[in-house]
Amino acid sequence: IVKDLWSRKSSLAGTQALIQTSDVRLENLPTLQSQITSLMGSQWDSVMHADVFGTISNAYKLDEQNVGNHIGEYHLATAVTTTVLMASIGSSSQRGLTLKQLKLCLLKPDAFQHIDIDSTVNQLENVVHYMYKSSIGGEQSFWFQSKPNINILVNQAKGDVKEEEVNAEIMRMVKQSVVNLGQVKV
């Protein structure tokens, strides 16, 4: 981890007084990836590749979509997902991180603001497949599981519906409404 951070030191956000989980780039650390999968199970490899790192991950795509702002500039989607993933590993009684804890893990002097983290988390909630959120006592918590969340099911369902089928159903409903109007007697 230190070797990777040292090689990327000029590209890291803010002042670097501490090594933070948001600085870790799992794609550069195959040993850490294999340690996670050996601890948590081989299905976690899919979790990491789908949502956390790599050019097909949802975090990477979100960072790329936000190139003109702090999310893209500081790779905040990747930082958030990496931090939440690291907090999801193990058998702790407390799952993941609260939003306050997440901000504490991510914020750095002379970098982005806490509102950038809020925005990143909000956008991630709509696209990630394995990250979960709960709100207990008014406090939000985030964690990863190896079981897909509802987003993957919604995206699959959207892909299963064809535009022609939607248009045909609309036309069928309009025609049925017209036929029903003709049956009304005044």
Side-chain angles (χ1 to χ4, degrees), residues 20-30 32-67 69-107 112-163 165-166:
Q20 295 175 288
T21 52
S22 60
D23 296 325
V24 174
R25 292 291 176 258
L26 289 170
E27 64 268 20
N28 299 341
L29 303 166
L32 184 55
Q33 292 173 39
S34 64
Q35 188 64 36
I36 292 169
T37 55
S38 70
L39 288 171
M40 302 299 289
S42 60
Q43 67 275 23
W44 280 78
D45 192 50
S46 298
V47 173
M48 291 185 286
H49 283 91
D51 285 340
V52 182
F53 71 87
T55 57
I56 62 166
S57 74
N58 290 309
Y60 178 86
K61 291 174 186 174
L62 189 59
D63 286 336
E64 289 298 306
Q65 291 169 3
N66 287 281
V67 170
N69 60 40
H70 284 155
I71 294 173
E73 179 183 352
Y74 294 109
H75 307 283
L76 286 179
T78 300
V80 167
T81 56
T82 300
T83 301
V84 172
L85 176 75
M86 299 298 258
S88 302
I89 297 169
S91 60
S92 172
S93 61
Q94 179 188 354
R95 251 191 314 211
L97 296 169
T98 65
L99 187 57
K100 288 178 185 178
Q101 292 169 328
L102 182 60
K103 288 179 179 183
L104 183 61
C105 291
L106 293 168
L107 287 172
F112 46 88
Q113 300 295 315
H114 73 93
I115 194 138
D116 295 318
I117 296 170
D118 293 335
S119 178
T120 303
V121 168
N122 288 337
Q123 290 181 50
L124 280 168
E125 287 179 48
N126 296 320
V127 296
V128 292
H129 297 156
Y130 296 95
M131 191 170 83
Y132 286 79
K133 169 188 166 184
S134 72
S135 296
I136 298 174
E139 195 165 44
Q140 298 175 346
S141 295
F142 302 92
W143 69 95
F144 276 99
Q145 289 184 359
S146 59
K147 179 183 167 190
N149 63 25
I150 193 74
N151 286 341
I152 197 167
L153 300 173
V154 169
N155 290 335
Q156 285 174 344
K158 283 181 183 177
D160 291 344
V161 177
K162 306 287 186 261
E163 186 176 352
E165 294 172 356
V166 171

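The figures here come from the full heavy-atom set of this structure, side chains too, leaving out hydrogens, waters and symmetry mates.
- Across every non-hydrogen atom of Thr83 and Cys105, the tightest pair is CG2-CB, 3.6 Å.
- Residues Val47 and Ser146 form a side-chain contact, since some pair of their non-hydrogen atoms from C-beta on lies under 4.5 Å apart.
- Between Trp44 and Thr37, the shortest heavy-atom contact is C-CG2, 4.2 Å.
- Expressed to the nearest 0.5 Å, how far CG of Leu104 lies from CG of Leu97 amounts to 9.5 Å.
- Taking CD of Glu64 as the start and NE2 of His75 as the end, the distance is 7.5 Å to the nearest 0.5 Å.
- Taking 4.5 Å as the limit, some side-chain heavy atom of Asn66 sits within range of a side-chain heavy atom of Gln123.
- Atom CE of Met40 sits about 8.5 Å away from atom CG of Leu85, to the nearest 0.5 Å.
- Summarising the geometry of Asp51 relative to Met131, their closest heavy-atom pair is OD2-N, 4.0 Å, with the distance given to 0.1 Å.
- Minimum heavy-atom separation, Thr81 to Phe144: O-CE1, 3.4 Å.
- No side-chain heavy atom of Lys100 sits under 4.5 Å from any side-chain heavy atom of Lys103.
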Run the side-chain contact (heavy atoms from CB on, under 4.5 Å) check on Asp118 and Leu99 step by step: do they pass? CA-CA 8 Å; Asp118 293 335; Leu99 187 57; 3.6 Å; yes
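- In this structure, Phe142 and Ser88 have side chains that are not in contact, with every pair of non-hydrogen atoms separated by 4.5 Å or more.
- Between the CZ atom in Phe112 and the CG atom in Leu106 there is a gap of 5.5 Å [rounded to 0.5 Å].
- Nearest heavy-atom pair across Ile71 and Leu62 is CG2-O, 4.4 Å.
- Two residues are said to be in side-chain contact when any heavy atoms from C-beta on lie closer than 4.5 Å; Asn58 and Leu124 fail this criterion.
- For the atom pair Thr82 OG1 and Leu76 CG, the distance stands at 11.0 Å (nearest 0.5 Å).
- The two residues Leu107 and His114 make their nearest non-hydrogen contact at CD2-N, 3.7 Å.
- At most 12 non-hydrogen atoms from other residues, nucleotides or ligands lie less than 6.0 angstrom from CD of Gln113.
- Atom OG in Ser57 sits 12.0 Å away from atom CE in Met48 (nearest 0.5 Å).
- By the side-chain contact (heavy atoms from CB on, under 4.5 Å) test, Asn149 is found to be paired with Val128, Tyr132, Asn151, residues two or more places apart in sequence or in another chain being considered.
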